[in-house]
Amino acid sequence: MKTCDTKIMEEYIDVFMNLLPDMLKEHEGQWTVIRDKEPLEFFETNSKAFCAGIKEYGVVPILVREVSKEYSEYGRYGRPMVFHSRVAF
């Protein structure tokens with residue numbers, strides 16, 4: 001199984017961040033697929049976006065992201081997530 005090249009994903013994130021201001025104007029809250037230099041389409045859910053990306057491009061690295069102001073506010077990786085570890089005995 002092939003692994004995802006992080007350099008490619010960083011390039012897709014760069015594309016997303018550059019397109020974000022324009023995408024926010026008409027597509028805020030929708031999901032998109034980034035491959036190469038432009039979004040594929042816009043979708044209501046992440047699963048629809050993912051399935052469309054696989055159908056269009058095959059099993060290759062793609063970026064599926066919500067068009068959200070969160071990336072403008074928190075940066076290229078979005079809102080930080082905090083996970084609490086708990087051990088159940």
Side-chain angles (χ1 to χ4, degrees):
M1 185 168 133
K2 293 182 179 179
T3 58
C4 184
D5 182 353
T6 56
K7 183 180 177 199
I8 291 172
M9 294 310 294
E10 289 296 326
E11 290 173 8
Y12 293 169
I13 292 170
D14 288 342
V15 169
F16 177 85
M17 292 302 292
N18 288 333
L19 296 172
L20 184 60
D22 289 332
M23 292 190 298
L24 281 169
K25 293 175 188 173
E26 295 185 29
H27 301 287
E28 185 173 2
Q30 295 180 315
W31 292 79
T32 192
V33 177
I34 300 289
R35 171 140 173 98
D36 299 323
K37 302 282 183 205
E38 58 187 57
L40 172 62
E41 285 181 51
F42 298 92
F43 304 89
E44 295 302 315
T45 66
N46 61 349
S47 60
K48 288 181 181 178
F50 179 77
C51 289
I54 296 300
K55 184 177 180 180
E56 179 72 18
Y57 302 117
V59 182
V60 296
I62 57 174
L63 177 68
V64 176
R65 274 210 170 160
E66 183 177 13
V67 178
S68 171
K69 290 179 185 173
E70 170 181 313
Y71 297 103
S72 297
E73 295 171 17
Y74 293 101
R76 59 191 285 115
Y77 301 111
R79 181 181 313 210
M81 295 171 142
V82 176
F83 297 94
H84 298 282
S85 63
R86 298 211 167 118
V87 178
F89 293 96

Query raised in the report: Say you draw a straight line from CZ of F16 to CD of E66; how long is it, rounded to the nearest 0.5 Å?
Result: 8.5 Å
Query raised in the report: Should V33 and V60 be regarded as members of a common hydrophobic cluster, given that ILVMFWY residues are connected when their side-chain heavy atoms come within less than 4.5 Å of each other, either directly or indirectly?
Result: yes
Query raised in the report: Which distance, rounded to the nearest 0.5 Å, do you find between the OH of Y71 and the CE of M23?
Result: 10.0 Å
Requested in this report: Please determine which of H27, K48, Q30 meets the side-chain contact (heavy atoms from CB on, under 4.5 Å) test together with F43.
Outcome: K48
Query raised in the report: How many angstroms lie between atom OH of Y77 and atom CE of M17, to the nearest 0.5 angstrom?
Result: 10.0 Å
Query raised in the report: Y12 and side-chain hydrogen bond (donor to acceptor under 3.5 Å, both in side chains): which partner among K37, R35, R65?
Result: R35
Query raised in the report: Do you know which two heavy atoms are closest between L19 and P39, and how far apart they sit?
Result: CD1-CD, 3.5 Å
Requested in this report: Could you tell me which non-hydrogen atom of L20 sits nearest to which non-hydrogen atom of S72, and how far apart they are?
Outcome: CD2-OG, 3.5 Å
Report summary line: Rounded to the nearest 0.5 angstrom, the CG-NZ distance for D22 and K25 is 4.5 Å
Report task. Of all the heavy-atom pairs spanning G53 and I62, show the shortest one and how long it is. Result -> CA-CD1, 4.0 Å
Query raised in the report: Between V64 and W31, is a side chain to side chain contact (heavy atoms under 4.5 Å, CB included) present by the stated rule, with each step listed?
Result: CA-CA 7 Å; V64 176; W31 292 79; 4.0 Å; yes
**Report entry** Criterion side chain to side chain contact (heavy atoms under 4.5 Å, CB included) on K69 and L24, from CA distance to verdict
**Finding:** CA-CA 7 Å; K69 290 179 185 173; L24 281 169; 4.1 Å; yes
Requested in this report: Nearest 0.5 Å please: distance from the CG atom of L63 over to the CG atom of L40.
Outcome: 12.0 Å
Requested in this report: Flag yes if more than 12 heavy atoms outside F42 fall under 6.0 Å of its CZ atom; otherwise flag no.
Outcome: yes
**Report entry** Inter-residue atom distance M9.CE - I34.CD1, 0.5 Å rounding
**Finding:** 10.0 Å
Query raised in the report: Between R76 and I13, is there a donor-acceptor pair closer than 3.5 Å when you use the side chain of the first and the backbone of the second?
Result: no
